[in-house]
Amino acid sequence: MRWTRTFIRTLRQDPADAEVVSHRLMARAGMISKLAAGIYNYLPLGWRSIRKLEAIIREEMERAGSTELLMPAVQPAELWQESGRWFKYGPELLRIKDRHDRDFCFGPTHEEVVTDIVRRTTTSYRQLPANLYQIQTKFRDEIRPRFGLMRGREFIMKDAYSFHASAEDLDVAYRAMEAAYCRIFERCGLEYTKVEADTGNIGGSESHEFMVLAGTGEDAIISCACGYGANVEKAVTGTLESAPEWPLAVPEAPEKVHTPGLKSVEEVAGFLGVAPAHLIKTMVFETDEAFVVALVRGDREVNEVKLKNVLDCTHIQLASEEKIEKVTGGAMGFSGPVGLEGIRIVADPTVMALAVAATGANERDHHLVGVVPGRDFEPDDVADIAMAAAGDPCPRCGKPMTEKRGIEVGHIFKLGTKYSEPMRCTFLDADGAERPMIMGCYGLGVGRTVAAAVEQNHDDHGIVWPLPLAPYEVVLVLLNSDRPEVVEAADALYARMLEAGIEVLYDDRSERPGVKFNDIDLIGFPVRVVVGKRGLENGQVEMSLRRDGEKRPVPLTDAVTAVQELLDTLRAELA
RNA sequence: CGGGGUGUAGCGCAGCCUGGUAGCGCACCUGCCUUGGGCGCAGGGGGUCGGAGGUUCAAAUCCUCUCGCCCCGACCA
C-alpha cells in the first residue's frame, strides 16, 4: 500500500484526554480516535493490528477445537430474565427498548444466547462436547471508562463457550483453551502470566486470568517463583507468622482503655504498647440487605472480594460513618466485635489465632485490651477474608511472594451448570437420564490485548510493534521525492517487495525526511527500509529495525532478500 | 454516585477575574525555496466561543439551567 493512498493521520501533540501510553500513542499514531467516553473508532492502521490479532486468535481457537459463529449484539430481555442476570447485572448492562416497548440489552457477554442456541439444538450426549466462539463487539456501561482501549465501554472480545456431558470432559476443554491462550499471547510476543482468579459476576468453580505484565496494569498479581500466581482478589497465603507474644497482663475480662482520638491501628498499637498484629481490625460493611462486621488482624487488610464470596452477595461496600455509629453504637475507628448483637461477624482465621488482642470498644475514644477471641466474642463465620500482600509466604512453597501489576487480557472459567440449570439446557445421557450440560466460558479482550502490547512495547519516539501485531511489517521510505532517479529506484523496489509477498507500506509522501522518520517511529513499523540519494550513489539502501534503530546498509539489488531474511529472523525469535 | 476541573479553528492552548474589533502555536491552502530526523520566507482560508435562557446599549467574558468531556474517590477505622 502507498502511504498517499491510505488513510493515516498522525498527531504532533498528545490528545489532551489521553492518560496512559497506549492510548496516547495509538491516538497520535492515528490508530484510534475517540467518539464518546469509552467508545472508539478503529482507524485503518489500528484496525489492521486488531485484524492481525484476530487472525492469530482464530487459528489457535480452531486448532484447540472451537468453531466460530456470530451471535447478535442486541439480545432480548427474556433470556436474561431466565438466567436471573437481568436483575443481578446492574447498571453495567445497557438496556434498550424497541418501538414496541419491548426490553432488550446490548450484550456485555453471551452466555444466555449461546446456551439458548445449544439447548434448542443439542439433546444427546452423543452430540457433546460443543465448543463455539465468536469475535464480536460487546458493550458494558462501565462506571468509569478510561485508558483508551484498555477499559472502554464498547470493545471487541473473543468469547468462547463449551458444553459437556461431564466435569472430566469440561476439564479437557478447559486445558485446551488454557493452552490456546498461552499460544496466542506467546505468538504476539507478549510477556504474560497466568494466574488463579476470582470468578466474579460470571460465576463458576475454577478460573484463570491471563495478565500482560505492565506497570500501568489495573490488576495486582501476587506470585511466587515456584509458579503459584493469583489475582490479589483471590490470592491466598501460606501460614503467616503469628503475632508476637502478648506483652501485657491478661485480665479476666477485657479492660476498657481511654484512647482519645486514636483511630488507626498504628496509633492505637503504639499507645497501648502492643504490636499492630495484636489488634483486631473491625470493619463494618453494608450488603444489599444487611450489615456485616469483618475482622482481620491489625497488620492485614480486608479483601472485599473474598468477603463477598463468603457472604454470597453481589454488592458490598464500607458502611458510612453514621451507619457505623448506628450499628455499633460507637464512633468510627472505635469498633470491635465484643458485645455486638444482631449482626453477622466474619473473622479471618488469623484473628482467631490470636491468644490475646486489643480492639475497639464501640465507644468513642475507647478501646478494649485483653480481648480473647472465642471467650469474649464468637464470630458467625471464620473464613479467609484477608488480602494477600507482597512478602507473604506462598501457599504452596512458603517462600515470600512478590506483587506485580498486570493487564487482564484473558479470563477463562469453569461455569458448571450455573446457566444450563436455570435455562434448562439439558441432554440425555447414555442411560436416558436428563442432565444439565456442564459449561465453560473463555474470554479474551482483543482491543485490550493490542493496547497491552503497546504498553509493553514503546519508547520515547513511539510504538515498537511486535512483528505479529504491526499494522505493516515493513515500511519503505522514499527520501528524495524530487529526484527522479530516487523515485524510480524506490518505486521499483516497492514493486519487487510486493511481488515477493512482503507486507510493506510505501511512504511515497514528498515530506521532508524528519517528518517521515518521526511518523514512522511513532507508528512503530518493525522494519524500515530507506531509499535516498545518498545511499543510492553507492547502490545501497538502508535497512533498520525499529527496536534498536541500528542502520544496516544493503545493496539495492539484494534488498528484497535481505528484508525477507530479517523478517525470518524476527519470526524465528517468536517461535 | 460523590468531589474537582474543563469546553474558544482539525489538534494543543491564551483571552474570561476587570463586558466593548476573537487571538497564538501546530496543521491546512497558494507561491518561492528546501530534502537523511518535525526547514525557511511571503501571502491566505477557516471559529454558532458546547447548548438554552437571563442581565446589559453591548456577553467568549457576569448570572441561571443544561449537555459533553477529563481527573480524583468509591481506600481500610
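Note that these values count all heavy atoms, side chains included, but never hydrogens, waters or copies made by symmetry. All of these numbers come straight from a predicted model, not from anything done at the bench.
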* Protein-to-nucleotide contact annotation, 5' to 3' order, nucleotides 9-14 of chain B [B base; S sugar-phosphate only; - none; under 4.0 Å, heavy atom] -> --BSS-
* Can you give one letter per nucleotide of nucleotides 31-37 of chain B, 5' to 3': B if a protein heavy atom sits under 4.0 Å from the base, S if only from the sugar-phosphate, - if neither? -> ---BBBB
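Atom name P, nucleotides B/C24 and B/C69: the rounded distance is 31 Å, in whole Å. Taking atom P on both nucleotides, B/G3 is separated from B/G46 by 44 Å, rounded to a whole Å. Only the P atoms considered, B/G45 is 27 Å distant from B/U61, to the nearest whole Å. For B/G38 and B/A22, the C1' atoms lie 29 Å apart once the distance is rounded to whole Å. The gap from the P atom of B/G15 to that of B/G31 amounts to 37 Å, rounded to the nearest Å. B/C62 and B/G20 have their P atoms separated by 11 Å, with the value rounded to a whole Å. Nucleotides B/U66 and B/C1 are separated by 12 Å at their P atoms, to the nearest Å. Taking the P atoms as reference points, B/G50 lies 41 Å from B/G37, given to the whole Å.
Judged purely by atom type and a 3.5 angstrom limit, A/Asp508 uses its side chain to pair as donor or acceptor with the backbone of A/Thr4. Side-chain atoms of A/Asp459 come within 3.5 Å of backbone N or O of A/Gly462 as a donor-acceptor pair. Remark: side-chain polar atoms of A/Ser22 are not paired, donor with acceptor, to backbone N or O of A/Val20 under 3.5 angstrom.
Residue A/His23 contributes atom NE2, which lies 8 Å from atom P of B/C70 at whole-angstrom precision. Atoms CD (A/Glu286) and C1' (B/A77) sit 16 Å apart, rounded to a whole Å. Rounded to whole Å, the distance from CG on A/Leu522 to P on B/C26 is 19 Å. Rounded to a whole Å, the CZ atom of A/Arg364 is 12 Å from the C1' atom of B/A77. Separating the CZ atom of A/Arg28 from the P atom of B/C26 is a distance of 16 Å, rounded to the nearest angstrom. Distance CG (A/Asp519) to C1' (B/A27): 12 Å, rounded to an integer number of Å. Rounded to an integer number of Å, the gap from A/Asp507 CG to B/G38 P is 15 Å. A/Phe147 places its CZ atom 17 Å from the P atom of B/C69, with the value rounded to the nearest Å.
Remark: A/Arg364 CZ is loosely packed, at most 12 non-hydrogen atoms of other residues, nucleotides or ligands lying under 6.0 Å away. Within a 6.0 Å sphere centred on CD of A/Glu488, heavy atoms belonging to other residues, nucleotides or ligands number 12 at most.
Of the candidates A/Met150, A/Arg448, A/Glu218, A/Arg448 is the only one forming a side chain to side chain contact (heavy atoms under 4.5 Å, CB included) with A/Glu408. No option in A/Val351, A/Val372, A/Leu368, A/Thr359 other than A/Val351 meets the side chain to side chain contact (heavy atoms under 4.5 Å, CB included) test with A/Phe377.
Using a cutoff of 4.0 Å between basic side-chain nitrogens and carboxylate oxygens, A/Asp348 and A/Lys281 are not scored as salt-bridged. Between A/Glu503 and A/Arg48 a salt bridge is recorded (basic side-chain N to carboxylate O distance below 4.0 Å). Using a 4.0 Å cut-off between charged nitrogen and carboxylate oxygen, A/Asp103 and A/Arg95 do not count as a salt-bridge pair. The residues A/Glu542 and A/Arg528 are annotated as salt-bridged, a charged nitrogen and a carboxylate oxygen being separated by less than 4.0 angstrom.
Base pairing of B/G36: no nucleotide in any strand meets the Watson-Crick or G-U wobble criterion (both distances under 3.5 Å). Under the Watson-Crick or G-U wobble criterion, with both distances below 3.5 Å, B/A14 has no partner in any strand shown. The partner of B/U64 is B/A52, judged by Watson-Crick or G-U wobble contacts that both fall below 3.5 Å. The base-pairing partner of B/C57, taking Watson-Crick or G-U wobble contacts with both distances under 3.5 Å, is B/G20. Both distances falling under 3.5 Å, in either a Watson-Crick or a G-U wobble arrangement, place B/G73 opposite B/C1.
At a threshold of 4.0 angstrom between heavy atoms, the contacts of A/Val265 are confined to the sugar-phosphate backbone, with no base atom among them. Nucleic acid contact for A/Arg300: none, since no nucleic acid atom lies under 4.0 Å from a heavy atom of the residue. Residue contacts shown for A/Lys34 are limited to sugar-phosphate atoms, with no base heavy atom under 4.0 Å away. The residue A/Ser335 sits apart from the nucleic acid: no heavy atom pair falls under 4.0 Å.
For the pair A/Ala36 and A/Val284, nearest-nucleotide mapping onto RNA chain B gives the more 5' position to A/Ala36.
For A/Asp460, there are no salt bridge (Lys or Arg N to Asp or Glu O under 4.0 Å) partners, not counting sequence neighbours.
Picking from B/C76, B/C70, B/G38 the nucleotide with the shortest atom distance to the side chain of A/Ala37 gives B/C70.
For A/Lys281 and B/C76, the shortest distance from a side-chain N or O to OP1 or OP2 is not below 4.0 Å.
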